[in-house]
K.L.:
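Let me begin by handing over the structure; questions about it come next.
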Amino acid sequence: MNARVIDGKAIAAELRGQVAAGVAELKQRHGLTPGLAVVLVGGDPASQVYVTNKKKMTVEVGMRSFDYQLPADTTREALLAKVAELNADPGVHGILVQLPLPRKEDEALVIEAIDPAKDVDGFHPFNAGRLMTGQGGLIPCTPLGCLILLKRTLGDLSGKHAVVIGRSNIVGKPVAQLLLAESCTVTICHSRSRDIEALVRQGDIVVAAVGIPEMVKAGWIKPGATIIDVGINRIEKEGKTRLVGDAAYEEVSKIAGAITPVPGGVGPMTIACLLRNTLQAACRQHAVTCNVIAA
Ligand code: NDP
């Protein structure tokens with residue numbers, strides 16, 4: 001039996017529609033238009049495509065989009081000055097500095113310089129701490145997207161064993177925190193985990209966020225499990241470049257109960273959740289209630 005395909009594209013479109021309705025309500029009731037500022041340093045082609053998509057969708061849901069393309073040799077001081085300027089700008093409710101930065105060592109400093117109330121990526125230690133303590137800050141977009149897909153697929157997640165592969169600050173750790181908050185039993189695997197296949201096989205839910213093409217095989221999967229494949233990997237196959245996930249889709253989908261495809265699974269959810277977070281941030285900054293979509 002083939003797994004049910006979790007249609008991230010459709011669910012993301014629905015979420016963007018809900019955000020657009022929230023934005024329209026905010027404008028009508030409070031004369032307020034949420035604004036999202038995206039700062040891109042350098043000309044990384046993948047980041048440029050991502051930033052262009054963000055801009056398009058920000059405008060589509062009725063928000064203001066502010067774009068800053070800075071040269072790769074922008075100094076740390078100049079970048080921090082740009083962040084300070086956006087922190088102080090009342091028309092900007094969300095700030096996103098596109099990662100990776102050309103100088104990786106600046107990343108933590110720049111993330112910490114963003115006002116936590118405008119940190120729509122949810123990477124600031126303040127928001128990471130609120131997530132860990134269950135205090136409801138801004139939640140990182142890709143992990144939030146994973147949670148929405150899981151809840152749409154399975155409903156109540158309580159008591160399920162979730163195995164997260166990967167422990168990065170932007171995906172693995174926050175996904176694990178979100179699942180713990182949903183009362184899952186959570187196992188986190190990483191590059192030093194022993195007998196990872198046996199660990200993954202325990203999962204009713206498997207979230208793969210590794211960055212190794214097709215690493216998770218059919219034999220690793222408990223029959224009927226739900227697989228959320230975060231990986232986006234470019235591979236050459238039969239002379240063509242293809243995108244594949246961290247799970248071997250063809251074989252895993254014969255064992256799993258439900259699975260996200262790559263592309264068209266988690267990817268579209270990330271931008272939709274960014275827009276959701278921007279709406280949430282705008283509402284909070286102006287102390288107004290609005291229908292920010294719960295996970
Ligand atoms: P990182 O490289 O930051 O983290 C990868 C994690 O995988 C690390 O924790 C690492 O362990 C672990 N890992 C590496 N090798 C193995 C192994 N052999 N067995 C088990 N674990 C291993 O990646 P990200 O978290 O940033 O991204 C993961 C993937 O998700 C990438 O493909 C990325 O492109 C994709 N992604 C997709 C997004 C989307 O919108 N869909 C958004 C963000 C990322 P250790 O800590 O021990 O080194």
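The structure presented is a predicted model; accordingly, all values stated were derived computationally and were not measured. Order of appearance sets the numbers: ligands from 1, and atoms from 1 within every ligand.
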K.L.:
For ligand 1, which atoms, with element, lie under 4.0 Å from some heavy atom of G166?
P.N.:
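By the 4.0 Å cutoff, the relevant atoms are 6 (C), 7 (O), 9 (O).
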K.L.:
Any idea which protein heavy atom is nearest atom 29 (C) of ligand 1, and the distance to it?
P.N.:
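Going by distance alone, atom 29 (C) of ligand 1 is nearest to G211 N, 3.8 Å.
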K.L.:
With atom 8 (C) of ligand 1 as the reference point, say which of R234, R167, R192 has the nearest heavy atom.
P.N.:
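Considering heavy atoms of R234, R167, R192, the nearest to atom 8 (C) of ligand 1 sits in R167.
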K.L.:
For I170, counting its heavy atoms only, list the atoms of ligand 1 lying under 4.0 Å from any of them.
P.N.:
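Listed by number with element: 26 (O).
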K.L.:
With atoms numbered from 1 as shown, which atoms in ligand 1 lie under 4.0 angstrom from a non-hydrogen atom of V266?
P.N.:
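Contacts of ligand 1 toward V266, numbered from 1: 41 (N).
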K.L.:
Are C141 and C273 within a span of less than 2.5 Å, counting SG to SG?
P.N.:
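No, the SG atoms are not under 2.5 Å apart.
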K.L.:
For atom 18 (N) of ligand 1, what is the closest protein heavy atom, and at what distance to 0.1 Å?
P.N.:
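I find the closest protein heavy atom is I212 CD1, 3.6 Å.
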K.L.:
Given N169, V171, V262, identify the one with the heavy atom nearest to atom 44 (C) of ligand 1.
P.N.:
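The option holding the nearest heavy atom is V171.
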K.L.:
Are E14 and K9 close enough for a salt bridge, meaning some N to O gap below 4.0 Å?
P.N.:
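K9 and E14: not salt-bridged.
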K.L.:
Report the C-alpha separation of K160 and E182 in whole Å, then their side-chain angles, then the decisive distance to 0.1 Å, and conclude whether the salt bridge (charged side-chain N to carboxylate O under 4.0 Å, His left out) test is met.
P.N.:
CA-CA 9 Å; K160 298 200 183 298; E182 294 295 328; over 6 Å; no
K.L.:
I need the nearest protein heavy-atom contact for atom 21 (N) of ligand 1: residue, atom name and distance, please.
P.N.:
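Protein heavy atom at minimum distance: H190 C, 3.2 Å.
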K.L.:
Which residue and non-hydrogen atom of the protein lie closest to atom 42 (C) of ligand 1, and at what distance in Å?
P.N.:
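Here the nearest protein heavy atom works out to T142 OG1, 3.3 Å.
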K.L.:
Does S193 have a heavy atom less than 4.0 Å from any atom of ligand 1?
P.N.:
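Flag not set, S193 not near ligand 1.
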K.L.:
Give a yes or no on this: more than 12 heavy atoms of other residues, nucleotides or ligands lie within 6.0 Å of atom CD of Q28.
P.N.:
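Counting other residues, nucleotides and ligands, CD of Q28 stays at 12 neighbours or fewer.
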K.L.:
Below 4.0 angstrom, N of the basic side chain to O of the carboxylate: do K254 and E251 qualify?
P.N.:
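Judged by the 4.0 Å cut-off on N to carboxylate O distance, K254 and E251 do not form a salt bridge.
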K.L.:
Nearest heavy atom to atom 32 (O) of ligand 1: which of T270, I232, I271 does it belong to?
P.N.:
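Result: the heavy atom closest to atom 32 (O) of ligand 1 is in I232.
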K.L.:
Regarding atom 25 (O) of ligand 1: of the candidates C273, S168, A208, which has the closest heavy atom?
P.N.:
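Minimum heavy-atom distance to atom 25 (O) of ligand 1 goes to S168.
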K.L.:
So that I can tick it off, tell me whether E236 and K240 are bridged by a salt bridge, with the cut-off set at under 4.0 angstrom between side-chain N and carboxylate O.
P.N.:
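Here K240 does not pair with E236 in a salt bridge, since their nearest N and O are not under 4.0 Å apart.
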K.L.:
Who's the nearest protein heavy-atom neighbour of atom 7 (O) of ligand 1, and how far?
P.N.:
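In this structure, atom 7 (O) of ligand 1 has V210 CA, 3.5 Å as its nearest protein heavy atom.
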K.L.:
If you measure from each heavy atom of G267 to ligand 1, is any distance below 4.0 Å?
P.N.:
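The answer is yes: ligand 1 sits under 4.0 Å from a heavy atom of G267.
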K.L.:
Counting C-beta onward and ignoring hydrogens, is there a side-chain heavy-atom pair between T187 and H161 closer than 4.5 Å?
P.N.:
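In short, these two side chains touch, coming nearer than 4.5 Å.
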K.L.:
Out of A46, G231, S191, C141, who gets a non-hydrogen atom closest to atom 48 (O) of ligand 1?
P.N.:
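That would be S191.
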K.L.:
What are the atoms of ligand 1, with element, lying closer than 4.0 Å to any heavy atom of N233?
P.N.:
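Checking each atom against N233, I get 32 (O).
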K.L.:
Heavy-atom count around R64 CZ within 6.0 Å, excluding the residue itself: above 12?
P.N.:
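Count not over threshold, so no.
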K.L.:
Below 4.5 Å, heavy atoms only, C-beta onward: do V164 and C189 meet side chain to side chain?
P.N.:
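Sidechains of C189 and V164: no contact.
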K.L.:
Looking at E197 and K217, does any basic side-chain N land under 4.0 Å from a carboxylate oxygen?
P.N.:
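Judged by the 4.0 Å cut-off on N to carboxylate O distance, E197 and K217 do not form a salt bridge.
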K.L.:
Could you tell me which atoms of ligand 1, counted from 1 in the order shown, lie closer than 4.0 angstrom to a heavy atom of I196?
P.N.:
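Every atom of ligand 1 under 4.0 Å from some heavy atom of I196: 19 (N), 20 (C).
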K.L.:
Give a yes-or-no answer on whether the side chains of Q285 and K118 include a donor-acceptor pair shorter than 3.5 Å.
P.N.:
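The answer is no; no qualifying pair exists.
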K.L.:
What residue and atom, counting heavy atoms only, is the protein's closest point to atom 37 (C) of ligand 1, and at what distance?
P.N.:
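For atom 37 (C) of ligand 1, the nearest protein heavy atom comes out as V230 O, 3.2 Å.
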